[in-house]
Amino acid sequence: MKHRKITAMLLALGTLLSVTACADSGSSAAEPAPVESLGNAETTSAGADSGSSAAEPAPVESLSTAETTSAGADSSAELSEQDSAPDSDAGITTTAPEQQTAAPEVTVTLPAGETPALLKKMQSVSIPAGVSAIVPAGGSKAAVTAYDGNCYLVDLGEDRLVTKLKLKTDFERAIGVNSNGTELFTMYANAEESGLRRYDIANGRCTDIPYTGSCHSFFYDRRTDTLCGTDNLSVSRITKNGAETVLYTVGNKAKDFISDCFPQNGLFAESHPIDDSSTFSEVIHRYPDGNALFTVPSGSGSQFGLCGGGLLRFDTNMPYGSSTVQTDCYVLSQQTGAKLRSFGVCEGGFPAFFADAESRYMIVSSMNSEPYTLKELLLIDTQSGKTEALPLSVKKANEAKAAYLPALGCWAGAVTSEQKTDKYTSVLIRIDPKQAKFSRNAKALYVSEAMSSTELGSNLKNAREKADAIEKKYGIRILIGNEVNALPVSYFRIVSSEARTSSNNIAADTEYALSELDNKLAHYPASFFGSFRKNGKKGLRISLTGELLDADPNRAGPAGIAFVSDDWYNAAMISSELIPISSTLHHEIFHAVEQAMADLGKSFDESRWNALNPAGFVYGNIPDLPNDKLPIMGDNHENTAYFSRPYGMTNAMEDRAAIAEYCFGEWFGEKGYDIVRKYPHVRAKLDYMEQLLTECYGSAYLSNLS
């Protein structure tokens, strides 16, 4: 089906989904549809390595692989196929503009056992296609555009179809409706052309807007009845005749660009790469007069929106070594950039979110990949971080849209499902936040803290010059101090050394870590790091951090993590004289090596690897694997040890990285590589590692300690 293909492309390209405003109110008199549990994901993550071999000072470190469990119950209720309400060709009666004021947000205490009328299905309106967009259309009305080439003007307060407009093209999407509900603005794009259109809702008359400017995205500001567009550097007002007036411009370089725009609140977000070699961004929130509010780091998966509680930052990540997509939401102060709260909102799906400046609530939908089915639909209170799963009885649902209607204080939503092969229908729903119990806590609720900049302190000038020389020497990238704030947020929170209070001499700690880094990197073959710049990748990036905090404040964070983002292979590790980076560095570099090998089509055969472990062994939590039954190196069990240290029992990747780090050590005057080879079972694993390394790099490199 056409709209599924478009959705798949958007997901694959990581396209930012527009944050539109629209909503709805009113509770259903009937009992809501049965709840379909679409996945209540809980994440568990291995903590920092604390295992220690008797014969070695065990490095504290490691990438912690997140294991996700999801519980979900399929709904057996089929989406009823209803006849579409009759088309109205006579038009509608235009009344005075309806005042767009937000309904007061109140807390409703429900009697024990009562089911809230949280969600109401529109019984009188059926849409025989997928929905492309929902926008407010004045009062309790919403304009819904669908892939059948129609726009449905629906009154969600009265549950009726007001009128149906035939659009000129199938793939036309609503941008907005003017405040008195008389004009619909759309944008369209196909293989041949793209552009803007204006429809007179009363008579269906269409007028092309002959826009020839440079804007590549458009939105309608309903508070000022202004059609706007953004290009890389500017926000423009567009008249009904296509004339463009630049409202404001940011930056003056080709690399600068605007990521999101909220002119109705006197606020927009400018984003640009921190340097010419990086696609990580700074996001600067400004007023239209050009005055910057604050700057926060942003990864490639960040999206922004406005809610009644502040500015939303929505980060999507896939931690290295995991196939699980993790999405976190941050509510920021619009005045200071302080992180008011932070919480995980969904796990394991491709997310979209819908928010509005006039509501404290947001709606998040997440989709499974292949087949593209709806995993979960959540209503979230951004002030408390609590969530409510929206009750759906839609079988084979594969997409959702939502928008806020200020006059009702509620949300309008559309859920699309596949009834037959390439035959899709959509139901409209009304979501009333005031009726939600919000009984489910979002994961990882954090305390308030300030978002820090990426500018280095003057005391790190010498350290930066030293890092520059090491970068040039080895062909890598190094981030120090506040520069690490540019790294995208993943399961672990990366804290700059300049924000760490446990050190009195950040400059000395950083320079010591850089000296150690230079010394350790010298053990690798001369051309080794250049091999990371293949298949469009930018290379290896090493970050010296102050702290790495676990998302769960009750667990200690690791000493190092490895991940891939924005075409860099990243190795981040704590740097101080108290925590030498030596073993951690080699461990994290091997994680990067393994990912690079996989990108070259040379992954480890896990069946072959598992055959090198003791019979019946399964990787898992360290406390469940008693060392007296599974001896490690250093226990004087040369013929029975299968692991270099306990942390290697966590998973196969950690097993290999733990062996790699041991090879570069030197214990009691003896080379770690030679010690490993004294243990037949561990040596068998090392032989397999070196075989694959040689195929990819022309060198096994693990014996390179001089």
Tell me, with the steps shown, if Val495 and Thr545 meet side-chain contact (heavy atoms from CB on, under 4.5 Å).
CA-CA 6 Å; Val495 179; Thr545 76; over 6 Å; no
Run Tyr220 and Asp225 through side chain to side chain donor-acceptor pair (under 3.5 Å) and show every step you take.
CA-CA 7 Å; Tyr220 192 85; Asp225 273 345; 3.2 Å; yes
Go through the steps for Leu487 and Phe563 under the test side-chain contact (heavy atoms from CB on, under 4.5 Å), then give the verdict.
CA-CA 10 Å; Leu487 294 171; Phe563 56 97; 4.2 Å; yes
Intermediate values then yes/no, side-chain contact (heavy atoms from CB on, under 4.5 Å), Asn398 and Leu374
CA-CA 4 Å; Asn398 63 4; Leu374 189 64; 5.8 Å; no
Checking side-chain contact (heavy atoms from CB on, under 4.5 Å) for the pair Leu460/Ile506: CA distance, chi angles, key distance, verdict?
CA-CA 8 Å; Leu460 289 179; Ile506 296 169; 4.2 Å; yes
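Taking 4.5 Å as the limit, some side-chain heavy atom of Thr145 sits within range of a side-chain heavy atom of Ser132. Residues Cys329 and Phe353 fail the side-chain proximity criterion, which asks for heavy atoms closer than 4.5 Å. Side chains of Val246 and Val235 form no contact here, defined as non-hydrogen atoms less than 4.5 Å apart. Val331 has its side chain out of reach of Leu311: every pair of non-hydrogen atoms, C-beta onward, lies at least 4.5 Å apart. Using a 4.5 Å heavy-atom threshold, the side chains of Tyr361 and Thr382 count as separate. Considering only heavy atoms from C-beta on, Met122 stays 4.5 Å or farther from Ile429 through its side chain. Contact annotation: the side chain of Lys141 never approaches that of Val177 to less than 4.5 Å [non-hydrogen atoms, C-beta and beyond]. Residues Thr387 and Asp381 have side chains not in contact (no heavy-atom distance under 4.5 Å, counting atoms from C-beta outward).
For Phe304 and Phe268, the gap between ring centers reaches or exceeds 6.0 Å.
For the residue pair Ser496 and Asn485, the shortest heavy atom distance occurs at CB-OD1, 3.9 Å. Closest approach of Met362 to Leu312, counting heavy atoms only: SD-CD1, 3.9 Å. The shortest non-hydrogen separation linking Ile175 to Thr186 is CD1-C, 3.7 Å. Closest approach of Trp411 and Ser359 over heavy atoms only: NE1-OG, 3.8 Å. Between Ser575 and Leu544, the closest heavy-atom pair is OG-CB, 3.5 Å. In terms of heavy atoms, Ile134 sits closest to Ala412 at CD1-O, 4.0 Å.
A donor-acceptor pair is defined here as one N or O able to donate and one able to accept, closer than 3.5 Å; such a pair exists between the side chain of Ser384 and the backbone of Lys386. In terms of modelled atom types and a separation under 3.5 Å, the side chain of Glu498 and the main chain of Asn482 share a donor-acceptor contact. Listed for the Glu388 side chain is no donor-acceptor partner under 3.5 Å among the backbone atoms of Leu378. Not one N or O on the side chain of Asp231 forms a donor-acceptor pair closer than 3.5 Å with the backbone of Gly229. Between the Gln435 side chain and the Asp432 main chain, no donor and acceptor come within less than 3.5 Å of each other.
A side-chain donor-acceptor contact under 3.5 Å links Asn570 and Ser565.
Taken from SG in Cys307 to CZ in Arg360, the straight-line distance is 10.0 Å, to the nearest 0.5 Å. We find the CG-CG distance between Leu390 and Leu377 to be 4.5 Å, quoted to the nearest 0.5 Å. Interatomic distance, CG of Leu118 versus CZ of Phe438, reported as 7.5 Å (0.5 Å rounding). Note that CG of Leu227 and CE of Met187 are 10.0 Å apart. Values are rounded to the nearest 0.5 Å. How far OG of Ser543 is from CE of Met573: 8.0 Å, rounded to the nearest 0.5 Å. Atoms CG and CG, from Leu306 and Leu332 in turn, are 10.5 Å apart once rounded to the nearest 0.5 Å.
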